[in-house]
J.: 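Handing you a structure now.
Being a predicted model, the structure only gives us computed values, none of them experimental.
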Amino acid sequence: MPDRRILSLWFPRLGAERLIRRQPMLADQPVAIVEDQQNMQVITALSGVAQAQGLQVGQPVRDAHAMCPGLLTYARSAPGEARFLEALQRWAGKFSPWVAPEDGDALVVDLTGCAHLFGGEAELMQVVQDDCTDLGLSVLMGLADTRGAAWALARYAGRAAASDRSGDAIDQEARATRSRAGKRRHWTKGGAAPPVVARAGNVTRIAPPGQTYGALSPLPIAALRLEPEVAAQLGRLGLRRVGDLLGQPRAGLARRFGRGLVMRMDQAMGSAPEPVSPARSPEHFAVRMTLPDPIGLVEDVMAAVDRLLPRLCKTLKDKGKGARRVMLQAYRSDHAVEAVEVGLARPSHDPQRIRPLLEMKVDEIDAGFGIDMLRLVAVQVEPVHDAMAVGHLQAGAAVQARLNNANALDDLIGRLGARVGLDAIRRIQPADSNIPEKSQKVLAAAWSKPHEGPWPKPSNPRPLLLWHPEPVHAPATPRLPKTFRWRGRDLVRQRALGPERIAPEWWLDDPNWRSGTRDYWVTDTEDGQRLWLFYAHGGAMSPGWFCHGSFA
């Protein structure tokens, strides 16, 4: 599309300036953000003060400290930078609805049909620059017909193409390459290649419509978003500018450097499509009510909730969602905010299930001098699939009764969770393990489903009470003793059932099972006790007899 206009916003100091925004006292200090790469700490972002000291991104930290002894280094937070870039993406939405992140430190904006709202492209870019200055951010911009050209102008506009190789290295290249290199006016054979420097005067970062070729031609070959190895190989052939590359036969370039090089050329010139796909904005479920006069009674707050909650639940139902956690925010007349939050055992968009939980929490709100506005937010939502009873009348009634019972249990869990917390309410479910301690698992009731069907029966009897194995004083032989001493008492065996051999899980190093394979016995004593004894054959510990539980 020749009428497309793409704006690229590059924040070269994103990581460092994000930290400086949180700690303004670092504004006058050399700051570097570092990250571990290949067993070495490398700089990923620099502040303006540190960059003025000659430091560079990608430089090892040890070299940076040698050049700047007062350098302050901080570990990189990739999630924090991603969240900060998301916030900048929302800010860039004022210029166009089509905004997408790029490379972790840049944004790309499709400005097609939007620039005239700001008085033109130059005026829009000036607004972007002023906003970033107010935010304390450094930004480089590029505006062109294609995404690749905008990316190139944002990062390489005003930079001259030069080689990173010395004259001695050039002497070892092909004769044709030396011939072309000798004809370049900026090259002195036998000397060091001039560095990449910025051009004098104003740097043009706006490519007029239809003039992408002229804007990209003088830029370095790396402006095409090529791999460093490919750019270095092209430089050895004397192809250091984009214009040098665009005039070469495409078939030869594809055979030697792959189709990726040709694709990057087509994307920059607009022959290959490269659309801007903005990230989908997260769904937000919230309703609010502004009150004409401040309120402070619980009855008044609940009356407002009765008007807000159906609206929120209708929005959730239309989207096929159910609320897991709901927050009620009360904005007071003294500009303070009070909030209470409730959780549900199952996601729901039924107002009758959410209202009792809010009613239990409303009295915790301190109204102060009065509440001016109430806001109800579904903090956490999950998909909800409606269940419909089908079949004959009796089957439908049975299904509906089961659903009602399930809802009643969920409501009970939600009510108890409003008082003691949902994580404190747990349920036990069977687990598939031969280890006695792992034959069941404890789960949070609000985040798990009840076990369906009867509890699975073990192949052998299991005690009612289990405790940590306690030593039994008896001969250390596999034969079950007639008499033994346990908990300071001498006991006499009357009957016994066993043995049942249980081996530890060989793929886990469980400290409680380092005694090796166990032989369990159900033992009745003369004083009426039924104990669960086992003989440990010894692994990392000495063999012996232990008591693991009681049947009554």
J.: Between Tyr331 and Arg375, is any pair of side-chain heavy atoms under 4.5 Å apart?
T.: yes
J.: Is the number of heavy atoms from other residues, nucleotides or ligands within 6.0 Å of CD1 (Ile428) greater than 12?
T.: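 No - once you tally the heavy atoms of other residues, nucleotides and ligands closer than 6.0 Å, there are 12 at most.
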J.: Should we say atom CD of Gln352 is surrounded by more than 12 heavy atoms from elsewhere, each under 6.0 Å from it?
T.: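 Counting other residues, nucleotides and ligands, CD of Gln352 stays at 12 neighbours or fewer.
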J.: Excluding sequence neighbours, so at least two apart, what forms side-chain hydrogen bond (donor to acceptor under 3.5 Å, both in side chains) with Tyr156?
T.: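 If we apply the side-chain hydrogen bond (donor to acceptor under 3.5 Å, both in side chains) test to Tyr156, skipping adjacent residues, there are no hits.
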J.: Does Arg324 use its side chain to pair, donor to acceptor, with the backbone of Ala345 at less than 3.5 Å?
T.: yes
J.: Is any side-chain heavy atom of Lys319 closer than 4.5 Å to one of His349?
T.: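 Not touching, per the 4.5 Å side-chain cut-off.
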J.: Does a side chain donor of either Glu17 or Ser138 reach within less than 3.5 Å of an acceptor in the other side chain?
T.: yes
J.: Measure the shortest side-chain to side-chain distance between Phe95 and Asp131 over non-hydrogen atoms and say whether it is less than 4.5 angstrom.
T.: yes
J.: By side-chain hydrogen bond (donor to acceptor under 3.5 Å, both in side chains), which residues pair with Gln37, not counting sequence neighbours?
T.: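 Checked Gln37 against side-chain hydrogen bond (donor to acceptor under 3.5 Å, both in side chains); matches are Glu35.
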J.: Go through Met125 and Ile206 one step at a time and tell me if the side chain to side chain contact (heavy atoms under 4.5 Å, CB included) criterion holds.
T.: CA-CA 9 Å; Met125 295 181 70; Ile206 301 179; 3.3 Å; yes
J.: Going by the side-chain contact (heavy atoms from CB on, under 4.5 Å) test, name the single residue among Leu117, Ile6, Val276, Leu7 that passes it with Leu111.
T.: Leu7
J.: Less than 4.0 angstrom from a charged side-chain N to a carboxylate O is my criterion; do Glu81 and Arg18 meet it?
T.: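 Salt bridge flag = no for Arg18 with Glu81.
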J.: Which donor-acceptor pairs under 3.5 Å do the side chains of residues 99-110 make with protein atoms, sequence neighbours left out?
T.:
| unit_1 | atom_1 | unit_2 | atom_2 | d |
| --- | --- | --- | --- | --- |
| Glu102 | OE2 | Arg147 | NE | 3.3 |
| Asp103 | OD2 | Trp151 | NE1 | 2.9 |
| Asp105 | OD2 | Trp10 | NE1 | 3.1 |
| Asp110 | OD1 | Thr112 | N | 3.1 |
| Asp110 | OD1 | Thr112 | OG1 | 2.6 |

J.: Of Arg462, Glu500, Arg501, His548, which meets side chain to side chain donor-acceptor pair (under 3.5 Å) against Tyr520?
T.: His548
J.: Does Val230 reach the side chain of Glu227, with side-chain heavy atoms less than 4.5 Å apart?
T.: yes
J.: Can you name the ring pair (Phe, Tyr, Trp, His ring centres under 6.0 Å) partners of Phe11, sequence neighbours left out?
T.: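 Not a single residue meets the ring pair (Phe, Tyr, Trp, His ring centres under 6.0 Å) criterion with Phe11.
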J.: So does Gln23 have more than 12 non-hydrogen atoms from other groups sitting under 6.0 Å from CD?
T.: yes
J.: Could you give all pairs that pass the side chain to side chain donor-acceptor pair (under 3.5 Å) test and reach residues 286-311, with sequence neighbours left out?
T.: Asp306-Arg355
J.: Hey, is Arg5 close enough to Asp145 for a salt bridge, meaning N to O under 4.0 Å?
T.: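 Counted as a salt bridge, because a side-chain N and a carboxylate O are separated by less than 4.0 Å.
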J.: Ignoring hydrogens and angles, tell me if any N or O in the side chain of Arg21 forms a donor-acceptor pair with the backbone of Leu135 under 3.5 Å.
T.: yes
J.: Between Lys361 and Glu364, does any side-chain N to carboxylate O distance fall below 4.0 Å?
T.: yes
J.: Is any side-chain heavy atom of Ile502 less than 4.5 Å from a side-chain heavy atom of Thr517?
T.: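 Side-chain contact under 4.5 Å: no.
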J.: Taking C-beta and beyond as the side chain, do Val42 and Asp36 meet within less than 4.5 Å on heavy atoms?
T.: no
J.: Scan the side chains in residues 266-273 for donor-acceptor partners under 3.5 Å anywhere in the protein, sequence neighbours excluded, and list what turns up.
T.:
| unit_1 | atom_1 | unit_2 | atom_2 | d |
| --- | --- | --- | --- | --- |
| Asp266 | OD1 | Arg250 | NH1 | 2.8 |
| Asp266 | OD1 | Arg250 | NH2 | 3.4 |
| Asp266 | OD2 | Arg250 | NH2 | 3.0 |
| Gln267 | OE1 | Arg225 | NH2 | 3.3 |
| Gln267 | OE1 | Arg264 | NH1 | 3.0 |

J.: Looking at Trp91, I'd like to know if its CH2 atom is crowded, meaning that more than 12 non-hydrogen atoms belonging to other residues, nucleotides or ligands lie closer than 6.0 Å.
T.: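 Yes - once you tally the heavy atoms of other residues, nucleotides and ligands closer than 6.0 Å, there are more than 12.
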J.: Counting only N and O atoms by type, is there a donor-acceptor contact under 3.5 Å from the side chain of Arg426 to the main-chain atoms of Leu443?
T.: no
J.: Would a 4.5 Å heavy-atom cut-off, applied to side chains only, mark Leu140 and Arg155 as touching?
T.: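 SC-SC contact between Leu140 and Arg155 ruled out.
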J.: Counting C-beta onward and ignoring hydrogens, is there a side-chain heavy-atom pair between Phe285 and Lys321 closer than 4.5 Å?
T.: yes
J.: Applying side chain to side chain contact (heavy atoms under 4.5 Å, CB included) to Cys114 and Trp98, what does each step give before you reach the verdict?
T.: CA-CA 10 Å; Cys114 300; Trp98 296 85; over 6 Å; no
